[in-house]
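First up is the structure itself, then whatever we jot down about it.
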Amino acid sequence: MASTNQELARIFSEMAAALELTGANPFRAVSNNRVARELRDLTEDVGALVAEDPETAVARLTALPGIGKGSAQKIVEYVQTGGIDEHRKLMAKVPRGLFEVLEIPGIGPKAAKAMWEQLGIESVADLKARLDDPALAALPRMGKKTVENIRRAILFSEKTAARVPLGKALPLAIALRDELAALPGVRRLEYAGSLRRGCETIGDLDFVAACDDPEGVRRRFTEHPSVTQVLAHGDTKCSVRLESEGVAIQADLRLVPEAVYGAALLYFTGSKEHNVRLRERAIKRGLRLNEYGLFRGSEERPQEQGKKPLAAATEEEIYAALDLPWIPPELREDRGELDRPPPRLIEVGDVKAELHAHTTASDGRMSIAELAACARERGFHTVAVTDHSPSQVIANGLSPERLLDHLAAVRAANDEVRDVTILAGSEVDVLPDGRLDYDDELLRRLDLVVASPHAALRQSPAEATARLLKAIAHPRVHVIGHPTGRIVGRREGLAPDMAALFAAAAEHDVALEVNANWLRLDLRDVHVRGALDHGCKIAIDTDAHRPEHFDLLIYGVLTARRGGLEAASCINAWPAEKLHAWLAAKRDA
DNA sequence: GCCGTTTTCGGCCCGACTGTTTTCAGTCG
């Protein structure tokens, strides 16, 4: 069941779209979108907040950047009455189907409004039916080519998911990057955009290149075998649609002189909101920032006047000229990163333990020895065997008797190996009512207990909160595995009051997992931030079922970095002695 | 609608590209 926060975020987004479609002041639309974004990222449950005390809730909400008195009142109105009057009025004016028309690349509010008002087009279905109608091409600023582009955009959107999961986009981008970077004359080339920021889904691939032979790189890019359509090919920027390994995605390449590579990389990495903050900061200092560098003065296109930028070659020097330290891409989301010194974010190399992995005893493909070998290959000091508990029938969950046998096998394997410690653990189901799937006596015999919700993932936020709070309070639990059970783009999962979970996890000294599988990434980035603010410990685990799953670690690390995680707060990055002592303390308590 | 080391009113980031137009609006990132 969706949380109040997410419901409200959707409503504010809808109001923004409706405002655009009715020709309202465009800044009002921007503003509503900003509120939607804050709500989406907020880990406190506004429903609970308002229920407790509306006045405090308003104060708390207006303290958030981008939420003013007006929007805070609307949020209260929603919680108290179940709806927002202005939203209802806007919805009565604008057909719902128009929102999906607005989603089509190339169609903005002006075009959608004209189609709707002049031709009565109220949905993508309507639009498709009118594609050959001359009246469509006759609309202002429309024409044959524009209509053709719309037709292709609709076809493309029908066969591809709106956004591609990080785990599919990253390997594709790395392959393309390496291929382009190997061309003669290429001095710098990197992927940028949401991919470089490590976002959980990717809208399109962005590449920035500095090279001696732009034409050669441009040609290789636009004529690449995976390209299905060239959308634009200017001197400095080209855009294509490409399909590869079952992934269909747009890709942009920006070609720049090496002297301004940093400015272009910064610009193309975004986020857009982070860039806006940087430009505002530049203006306050009498400077102007664009993709060609940081310039003195406020004249437009200073690079065309032959003016020399104060900084442009590297991101570091641009941040420095704005009196800022270099900010890691994962933090560039306009979530206050300009107002606090950036942490020394965790890296893949910091992780020295895998604490959530499966063997052939349940649904994994590795023996205990193979699991240990994978850990050793990566230089880990510890790996935990955490097979499923009986409720996971599909996953061949272990009965108490089988678990006891398995424990003995793990301890025997541990005696056989050097330089890796194999821990005997379990991924125990958190049952719908919050009880665990093994009794306490059995749990006491385990080195590590990862408690995870697998079933009843549609229960209400209140039930989910109670369920997970109970698991967190259990004295034998070390880690809560994939706490919400969401699947990126497919299953919403539980929507508990995350702030309440963080407080409890901090109190009971339970670590919260970032499941590194790119289908999960659960906790998600904003949860990590919230958990750290509460003083929680974080685990990053791959939930490995096969050897190659150990390679998923990067996705968990990127997500954790987006939440601001430092190695010290990640139990997988601790030295062996510290980790083992922490685990044992919980068992012996 | 939000916001304020000039401001409680009047601003609100910046440039590339396309397809429409005869100089630029719309869209995108």
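Reminder, nothing fancy here: chain letters follow the sequence lines and each chain counts from 1. The basis for the numbers below is simple: all heavy atoms, side chains too, and nothing from hydrogens, waters or symmetry mates.
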Determine the contact category for [X]: base if any of its heavy atoms lies under 4.0 Å from a base atom, sugar-phosphate if only primed atoms, P, OP1 or OP2 are that close, otherwise nothing.
| X | value |
| --- | --- |
| Leu278(A) | nothing |
| Leu289(A) | sugar-phosphate |
| Arg277(A) | nothing |
| His274(A) | nothing |
| Lys74(A) | sugar-phosphate |

Inset, instruction - Compute whether any side-chain donor of one residue and acceptor of the other, for Ser13(A) and Arg40(A), lie under 3.5 angstrom apart. - result: yes
Inset, instruction - State, without any angle test, whether Ser239(A) and Asp252(A) hold a side-chain donor-acceptor pair at a distance under 3.5 Å. - result: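 The answer is yes; a qualifying pair exists.
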Provide the distance between the two [atom1] atoms, one in [N] and one in [M], to the nearest whole Å.
| N | M | atom1 | value |
| --- | --- | --- | --- |
| dT27(B) | dT21(B) | P | 14 Å |
| dT8(B) | dC2(B) | C1' | 12 Å |
| dT5(B) | dG1(B) | C1' | 24 Å |
| dC28(B) | dT23(B) | P | 25 Å |
| dG11(B) | dT6(B) | C1' | 13 Å |
| dC9(B) | dG15(B) | P | 31 Å |

Inset, instruction - Ignoring backbone atoms, test whether Asn290(A) places a side-chain nitrogen or oxygen under 4.0 Å from the OP1 or OP2 oxygen of dG15(B). - result: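 For dG15(B), OP1 or OP2 has a side-chain N or O of Asn290(A) closer than 4.0 Å.
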Legend entry - Face-to-face contact Phe27(A) to dC2(B) six-ring, under 5.5 Å, under 30°: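 Check failed, Phe27(A) does not stack on base of dC2(B).
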Inset, instruction - At under 4.0 Å between heavy atoms, which parts of nucleotides 21-29 of chain B does protein reach? Answer with one letter per nucleotide, 5' to 3': B base, S sugar-phosphate only, - none. - result: ---BBSSSB
Nearest-Å distance for atom pair [atom1]/[atom2], residues [X] and [N]:
| X | N | atom1 | atom2 | result |
| --- | --- | --- | --- | --- |
| Arg281(A) | dT5(B) | CZ | P | 13 Å |
| Lys144(A) | dG19(B) | NZ | P | 14 Å |
| Leu294(A) | dC14(B) | CG | P | 11 Å |
| Asp334(A) | dC12(B) | CG | C1' | 14 Å |
| Lys284(A) | dT6(B) | NZ | P | 9 Å |
| Leu61(A) | dC3(B) | CG | P | 12 Å |
| Glu280(A) | dG4(B) | CD | C1' | 12 Å |
| Ile75(A) | dG1(B) | CD1 | P | 14 Å |

Among [options], which is the nearest nucleotide to the side chain of [X]?
| X | options | answer |
| --- | --- | --- |
| Thr146(A) | dC12(B), dT20(B), dC2(B) | dT20(B) |
| Asn149(A) | dG1(B), dC12(B), dT18(B) | dT18(B) |
| Arg301(A) | dG1(B), dG15(B), dT20(B) | dG15(B) |

Inset, instruction - Could you list the residues that satisfy side chain to side chain donor-acceptor pair (under 3.5 Å) with Arg301(A), not counting sequence neighbours? - result: none
Inset, instruction - Could you list the residues that satisfy side chain to side chain donor-acceptor pair (under 3.5 Å) with Glu77(A), not counting sequence neighbours? - result: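 Per chain and number, Glu77(A) pairs via side chain to side chain donor-acceptor pair (under 3.5 Å) with no residue.
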Inset, instruction - Find the partner of dC17(B): check Watson-Crick (N1-N3 plus N6-O4 or O6-N4) and G-U wobble (N1-O2, O6-N3) distances, both under 3.5 Å, and reply none if neither fits. - result: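 Pairing partner, where one exists within any strand: dG26(B).
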Inset, instruction - Compare all side-chain heavy atoms of Val247(A) with those of Ser244(A) and state whether any distance is below 4.5 angstrom. - result: no
Presence of salt bridge, [Y] and [X], under 4.0 angstrom:
| X | Y | result |
| --- | --- | --- |
| Lys89(A) | Glu86(A) | no |
| Asp206(A) | Arg254(A) | no |
| Asp334(A) | Arg277(A) | yes |

Legend entry - Nearest-nucleotide 5' precedence on DNA chain B, Ser71(A) against Gly143(A):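 On the 5' side of the pair lies Ser71(A).
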Legend entry - Donor-acceptor pair, side chain of Arg241(A) and main chain of Ala248(A), under 3.5 angstrom: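 Between the backbone of Ala248(A) and the side chain of Arg241(A) there is no qualifying donor-acceptor contact (under 3.5 Å).
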